[in-house]
Amino acid sequence: GSVNTPPIGNSFTINGNLSIQITDNKNDSTKNDSASTSGIAFHAGKSSLTANDSIFIETSSKAIDGDAYSLGVTIQNLGAAASSSGSRPAIGENTVSFNKLNIKLLSTTEGGEFAEAYGVEMRGNSSSTIDELEVSAKAGGAQVNYAQGILATDQYELSGGTITINKADITTVIEDYGNAIGVVSFLDSANTGSTIHIENGSISAQSMDGQGAAYGVYVKGQSSTVTLGSDTAES
């Protein structure tokens, strides 16, 4: 049989300025529980999402001995319903458009295994355009910490998509061991990878105590691509 049929062939529009603030703050009474927050989750196939004005997203996930995850915007093309083997046939790409998108993320834990913060995450064959993007992502306190501004990859046997940004200002910071990465494009299987283009702006990645690694741009896979305009500064 099949499971998890996503919305297919729908159109969603956001008009007017929108502020989204989400906090998942665990305390001593919820030790070992994960903390998880997400601003906008678009899980569809052959559908469109258009945001015509400014969107501000602030998420904070804090855990005690548990994992912490913060997502600004996640775009996934789940295709048709999954088969019993988990595969999803492609049914057409999603089209996603943002005017101004400002994302602030914080993921911290006291001794958990993972702390992860991702600004814009796109998995599967979608096409996304953003006029102005600002991302500040910070993760720390876990055994392994990840802070990434933009992530694009293939998924569920679907090839990767494209992200085109006119102006992007991205800052990622980790404390302790892990990776701080401004822009990531990678190929997870035998599909076609993703393409990310940033026309102008700045990318900054920081590992605060020397245990981790920092990459302005990280590309993995022969068909994965990142291009930066001449006015894009990377550090």
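What you see is a predicted model, and the numbers here were worked out from it, not measured in a lab. We count residues from 1, following the sequence as given.
With a 4.5 Å cut-off on side-chain heavy atoms, I103 and V120 count as touching. In this structure, L106 and K62 have side chains that are in contact, with non-hydrogen atoms separated by less than 4.5 Å. With a 4.5 Å cut-off on side-chain heavy atoms, V184 and I150 do not count as touching. Counting heavy atoms from C-beta on, the side chains of I198 and T164 never come closer than 4.5 Å. Residues E175 and K138 form a side-chain contact, since some pair of their non-hydrogen atoms from C-beta on lies under 4.5 Å apart. With contacts defined as side-chain heavy-atom distances shorter than 4.5 Å, the pair F98/T129 does not qualify. With a 4.5 Å cut-off on side-chain heavy atoms, L18 and S54 do not count as touching.
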### Query
So H197 and T227, side chain to side chain donor-acceptor pair (under 3.5 Å) or not? Walk me through it.
CA-CA 5 Å; H197 175 73; T227 59; 2.5 Å; yes

#### Entry: Residue pair T95, S48: steps toward the side chain to side chain donor-acceptor pair (under 3.5 Å) verdict
CA-CA 5 Å; T95 302; S48 66; over 6 Å; no

### Message
Could you walk me through whether E113 and Q143 satisfy the side chain to side chain donor-acceptor pair (under 3.5 Å) test, starting with their C-alpha distance in whole Å, then the side-chain angles of each, then the deciding distance to 0.1 Å, before giving a yes or no?
### Response
CA-CA 5 Å; E113 186 174 0; Q143 297 176 34; 5.8 Å; no

### Task
Check step by step if side chain to side chain contact (heavy atoms under 4.5 Å, CB included) holds for I203 and T172.
CA-CA 8 Å; I203 301 168; T172 60; over 6 Å; no

### Message
Please evaluate residues N52 and N15 with respect to the criterion side chain to side chain donor-acceptor pair (under 3.5 Å), reporting the C-alpha separation (whole Å), side-chain torsions for both, the decisive distance (0.1 Å), and the verdict.
### Response
CA-CA 6 Å; N52 291 316; N15 289 318; 2.6 Å; yes

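I14 and M122 fall within the same hydrophobic cluster, defined by Ile, Leu, Val, Met, Phe, Trp and Tyr side-chain heavy atoms under 4.5 Å apart, directly or through other members. Placement of I174 and Y215 in two distinct hydrophobic clusters is found when ILVMFWY residues are connected by side-chain heavy-atom separations under 4.5 Å, directly or transitively. By the criterion of side-chain heavy atoms lying less than 4.5 angstrom apart, applied directly or through intervening Ile, Leu, Val, Met, Phe, Trp or Tyr residues, V217 is not grouped with V173; the two fall into different hydrophobic clusters. Under a hydrophobic clustering in which Ile, Leu, Val, Met, Phe, Trp and Tyr are joined whenever their side-chain heavy atoms come within less than 4.5 Å, directly or via other members, I55 and I163 fall into the same cluster. Both I75 and I22 sit in one connected hydrophobic cluster of ILVMFWY residues. Membership requires side-chain heavy atoms under 4.5 Å apart, directly or through other members.
In this structure, K104 places its NZ atom where only 12 or fewer heavy-atom neighbours from other residues, nucleotides or ligands lie under 6.0 Å away. Enclosure of atom CZ in F56 by more than 12 non-hydrogen atoms of other residues, nucleotides or ligands within 6.0 angstrom is indicated.
When every heavy atom of Q206 is checked against every heavy atom of T171, the shortest pair comes out as NE2-CG2, 3.9 Å.
Distance OG/S70 to CG/L105: 6.0 Å, rounded to 0.5 Å.
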